[in-house]
Amino acid sequence: MALIGEDASLEEVQRVFRNDRFATDACGCRVVEASRGHAVCEFDITPGHRNEKGGVMGGAIFTVAGLAFAVASNVGEPVTVSVSSSIEFMSAAKGERLIATADVDKNGRTLGFYNCLVTDELGTPVARVTQTAMHLRQ
């Protein structure tokens, strides 16, 4: 992935992350905010996101959190990849849209530590994700 400058516009960030085809094409995720160490991504819940019990699949929840993390950890940074992620499911979504907000807790020379909260548009806490990033220096 190309480097994304700290001053990149939202449209530039969206263009880069359109190449994350699973998140954008298969899941329908959208980048709605992007800055160094912070991102918000969302998707509208469709029948294709639901499991046999009618709830949103954990993989769909993890996908929107993963995209938010990728955006937050790559804007204004060298190319960055995930080395660890842990998700805790908190509640079933009650609304029709999932929103993932990722923020950096500490960003070092090699590693970055992030938290992501996934909610629905009603404010229901759906999941929290802790993520560790590695900055790839060339």
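The first residue in the sequence is number 1, and the count goes up from there. Predicted, not measured: the structure shown is a model, and the values here were computed from it.
- Pairs of residues two or more places apart, or lying in two chains, that qualify as salt bridge (Lys or Arg N to Asp or Glu O under 4.0 Å) and include a residue from residues 35-61 are E6-R36, R30-E42, R30-D44, R36-E77, E42-R97.
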V79 vs L3, side chain to side chain contact (heavy atoms under 4.5 Å, CB included): CA-CA, chis, key distance, verdict: CA-CA 6 Å; V79 174; L3 294 175; 4.0 Å; yes
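- T124 and A92 get closest at one heavy-atom pair: CG2-O, 3.6 Å.
- A donor and an acceptor atom, one from each side chain of H135 and T80, are located under 3.5 Å apart.
- By the criterion of side-chain heavy atoms lying less than 4.5 angstrom apart, applied directly or through intervening Ile, Leu, Val, Met, Phe, Trp or Tyr residues, V129 is grouped together with F89 in one hydrophobic cluster.
- Pairs engaging residues 11-26 under the salt bridge (Lys or Arg N to Asp or Glu O under 4.0 Å) rule: none recorded [sequence neighbours left out].
- Counting all heavy atoms, side chain and backbone alike, V56 lies closest to A93 at CG2-CB, 4.2 Å.
- Across F17 and T24, no two heavy atoms sit closer than the pair O-CG2, 3.4 Å.
- Checking side-chain atoms of Q131 against main-chain N and O of F69 turns up no donor-acceptor pair under 3.5 Å.
- Looking at M134 and T110, their side chains come closer than 4.5 Å, going by heavy atoms from C-beta outward.
- Checked by atom type, the side-chain pair T46/H49 shows a donor-acceptor distance below 3.5 Å.
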So Y114 and N107, side chain to side chain contact (heavy atoms under 4.5 Å, CB included) or not? Walk me through it. CA-CA 8 Å; Y114 293 75; N107 203 12; 4.1 Å; yes
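- S73 is not listed as a side-chain neighbour of V104, based on a closest heavy-atom distance of 4.5 Å or more.
- You'll find the side chain of L136 stays beyond 4.5 Å of the side chain of P78, heavy atoms only.
- Of all the heavy atoms in V75 and G5, the pair that sits closest is CG1-O, 3.9 Å.
- Of the candidates L67, I61, V64, I99, V64 is the only one forming a side chain to side chain contact (heavy atoms under 4.5 Å, CB included) with F43.
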Check the pair S85 / T130 against side chain to side chain contact (heavy atoms under 4.5 Å, CB included), numbers first and verdict last. CA-CA 6 Å; S85 293; T130 56; over 6 Å; no
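- Sorted by first and then second residue, the salt bridge (Lys or Arg N to Asp or Glu O under 4.0 Å) pairs with a member in residues 104-122 form an empty list; sequence neighbours excluded.
- Interatomic distance, S84 OG to L111 CG, rounded to the nearest 0.5 Å: 10.5 Å.
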Should T119 and L98 be marked as a side chain to side chain contact (heavy atoms under 4.5 Å, CB included) after you check the CA-CA gap, both sets of side-chain angles, and the distance that decides it? CA-CA 6 Å; T119 65; L98 285 187; over 6 Å; no
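- Here the OG atom belonging to S35 is positioned 12.0 Å from the CG atom belonging to D7, to the nearest 0.5 angstrom.
- Under the 4.5 Å side-chain contact rule for hydrophobic residues, I87 and I45 share a cluster.
- The hydrophobic cluster containing F22 does not contain F62, counting ILVMFWY residues as joined when their side-chain heavy atoms lie under 4.5 angstrom apart, directly or transitively.
- Nearest heavy atom pair, residue V31 against residue Q14, reads O-NE2, 2.7 Å.
- The two residues A39 and A72 come nearest to each other via the heavy atoms CB-N, 3.6 Å.
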